[in-house]
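In what follows, a structure is listed as structure tokens, so that the remarks can point back to it.
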Number of protein chains: 2
Amino acid sequence: MMMAKRSNDLAEALRRVPLFSKVEPDDVVAMAEHVRELHVERGEILFQKGDQPHGFYILLEGRITLAFPSEQGTERILEVIKPGESFGEALMFLGQPYPIFSQAGVDSRVLDIPEEAITNLLDKDCRLAKRMLAGISIRLHELISNLEACSMRSSAQRVACMLQHAAPSAGTQEYDVQLPAAKHIVASQLNLTPETFSRVLHVLTESGLIEVSGRVIKVLNAEGLRKLQL
Amino acid sequence: MMMAKRSNDLAEALRRVPLFSKVEPDDVVAMAEHVRELHVERGEILFQKGDQPHGFYILLEGRITLAFPSEQGTERILEVIKPGESFGEALMFLGQPYPIFSQAGVDSRVLDIPEEAITNLLDKDCRLAKRMLAGISIRLHELISNLEACSMRSSAQRVACMLQHAAPSAGTQEYDVQLPAAKHIVASQLNLTPETFSRVLHVLTESGLIEVSGRVIKVLNAEGLRKLQL
DNA sequence: TCAAAACCTTGATATTCGTCAAGGTTTTTT
DNA sequence: AAAAAACCTTGACGAATATCAAGGTTTTGA
């Protein structure tokens with residue numbers, strides 16, 4: 001994990017992040033003074049469960065997973081962060097130790113925004129506060145959906161649900177889904193073992209609802225998937 | 001569900017809510033103009049899954065449960081709101097339909113804060129925005145814990161965890177826990193059937209870790225409970 | 001205070017999903 | 001291009017937890 005880049009480049013990068021797109025340019029420059037760019041290598045841990053948050057992060061490039069650890073290494077991946085997304089804001093506001101850990105899936109570039117840089121800005125710019133409220137609300141909504149899936153739905157329903165979310169538009173009956181990562185990663189996000197995920201795909205294929213070839217899943221009958229949800 | 005009280009009384013009630021305790025009195029009075037007090041009877045539904053949010057709520061008195069519905073009525077209770085707590089803020093900011101429904105467990109009094117009342121204030125008072133950020137962050141943190149419990153822990157571990165959270169202080173070995181509601185409500189919050197909950201309590205009793213009498217659980221060996229978590 | 005309703009427990013059984021193990025396939029590295 | 005590593009699938013099995021059913025207990029309320 002190493003530091004890089006001058007302040008000006010950082011200000012430029014920050015401006016491109018949706019969260020800060022409406023912030024006064026001067027304020028962004030001021031904030032950039034406190035921001036560092038980190039390079040995190042594949043497999044490297046950005047923060048551990050139990051670490052104290054000192055700010056939050058924005059992913060510029062690469063892929064970062066947030067996951068619950070487990071003794072036998074059977075981690076459960078909560079979320080896969082993609083470039084342009086921020087993470088860790090809520091834990092920063094709370095000031096409690098991280099309940100999850102974060103790890104780079106591939107070599108990644110991350111902005112580290114210290115708490116001071118943000119709290120100062122929040123006092124000046126209520127729009128930023130509203131944007132952060134919106135951002136955290138989205139997170140919260142996703143967590144609720146995740147929890148519902150986890151506690152109310154069977155494995156096949158969770159997979160079907162994921163495939164439906166990947167539909168290009170509401171009514172489409174046939175479409176291709178390109179899995180965003182290795183199957184075992186996707187399985188973990190659905191709170192499934194790779195074995196169960198594989199078996200579910202098998203069953204859905206047998207039923208003529210999908211066709212699988214590698215990481216591409218061809219949905220043949222979206223309506224049929226919907227019916228699984230009851 | 002009926003309306004009641006004059007504006008002045010509402011302003012008074014609002015001031016007592018932690019969220020608004022630092023807001024300028026004049027602003028609270030202005031906000032009170034738009035706020036209604038609702039009376040919700042036991043069993044009545046405040047909002048359904050799928051309804052469009054128009055604001056958020058603060059519970060003054062009573063008990064409100066937030067839950068996922070299910071066809072066969074085997075709902076899963078996500079959270080039990082207690083007096084003084086607010087709910088629905090995040091969904092208001094998102095403007096998406098409620099993913100859960102809310103129901104009064106007993107006759108309750110609720111403040112209905114429409115979106116306009118809050119968004120106006122947010123522009124004026126950044127401290128309120130920060131407080132709301134903190135409030136939503138807490139919610140988010142709880143959801144993460146809930147999801148972790150749900151996907152990483154066994155039934156006995158979830159029960160033990162709940163009993164640990166109810167400890168009066170960190171080190172105490174023996175203490176009484178008064179369940180906040182009927183056992184089947186508590187079971188649902190732990191994502192357990194009442195049957196499984198009952199059996200877990202039985203096992204913990206057999207192991208000499210607890211004693212159960214009605215809704216009071218006497219923890220005999222907090223250290224033993226902790227060891228269950230591994 | 002008695003009846004009804006809600007709540008809780010216990011047993012038998014079924015289902016879902018995870019674990020373990022082995023073999024095959026694809027991707028990466030040398 | 002070969003070797004190694006990572007990834008994926010399949011089968012046999014087991015464990016955890018839900019479901020169904022019945023009976024007991026407590027609470028509510030008429």
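Small disclaimer: the values here were computed from a predicted structure and weren't measured. Every chain is numbered from 1 and lettered A, B, ... according to where its sequence line falls, protein lines coming before strand lines. These numbers come from the heavy atoms of this one structure, side chains and all, not from hydrogens, waters or symmetry mates.
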Exercise for review: Whole angstrom is fine here: how far is it from CG in B:L192 over to C1' in C:dC8?
Suggested key: 15 Å
Point to revise | Least distance between heavy atoms, A:Q52 atom then A:G95 atom | key: NE2-O, 2.5 Å
Study note, to complete from the structure: Closest to the side chain of A:H184, out of D:dC8, D:dT17, D:dT9, is D:dC8
Check your understanding: CE of B:M152 versus C1' of C:dC17: gap in Å, rounded?
Key -> 16 Å
Check your understanding: Is there side-chain contact between B:I138 and A:Q96, with heavy atoms separated by less than 4.5 Å?
Key -> no
Practice item. Could you state the atom-to-atom distance from CZ of B:R76 to C1' of D:dA18 in whole Å? Key: 15 Å
Exercise for review: Check whether any side-chain nitrogen or oxygen of B:H202 sits under 4.0 Å from OP1 or OP2 of C:dT9, and answer yes or no.
Suggested key: no
**Study point:** Spacing of B:L59 atom CG and B:E85 atom CD [to the nearest 0.5 Å]
**Key:** 8.0 Å
**Study point:** A:Y57 and A:F47: CA distance, side-chain angles, deciding distance, ring pair (Phe, Tyr, Trp, His ring centres under 6.0 Å) verdict
**Key:** CA-CA 11 Å; A:Y57 301 94; A:F47 56 76; 5.8 Å; yes
Study note, to complete from the structure: Closest to the 5' end of DNA chain D, once A:S198 and B:N191 are matched to their nearest nucleotides, is A:S198
Point to revise | Selected nucleotide, minimal atom distance to B:R215 side chain, candidates C:dC8, D:dT17, C:dG18 | key: C:dC8
Exercise for review: Take the protein atom CZ of B:R153 and the nucleotide atom P of D:dA16, then report the distance between them rounded to whole Å.
Suggested key: 17 Å
Check your understanding: Whole-Å distance between D:dC7 C1' and A:L201 CG?
Key -> 14 Å
Check your understanding: Does the D:dT19 base have a donor-acceptor partner in the side chain of B:R199 within less than 3.5 Å?
Key -> yes
Review point. Atom CG of A:L190 to atom C1' of C:dT16: distance rounded to whole Å?
Key: 16 Å
Check your understanding: Can you tell me if the side-chain N/O atoms of A:K183 get under 4.0 Å from OP1 or OP2 in D:dT9?
Key -> yes
Check your understanding: Just to confirm, is there a sub-4.0 Å distance from OP1 or OP2 of D:dT17 to any side-chain nitrogen or oxygen of B:S155?
Key -> yes
**Study point:** Electrostatic pair B:E211:B:K218 at N-O distance under 4.0 angstrom
**Key:** no
Check your understanding: Between B:T196 and D:dA18, is there a side-chain N or O to OP1/OP2 distance below 4.0 Å?
Key -> yes
Review point. Tell me: CD of B:E75 to P of D:dA18, nearest whole Å?
Key: 15 Å
**Study point:** Which residue lies more 5' along DNA chain C, comparing A:E195 with A:A156 via nearest heavy atoms
**Key:** A:A156
Check your understanding: Roughly how many Å is it from CZ in A:F197 to P in D:dC7, rounded to a whole number?
Key -> 14 Å
**Study point:** Of the listed nucleotides C:dT9, D:dA18, C:dC8, the one nearest the side chain of B:T193
**Key:** D:dA18
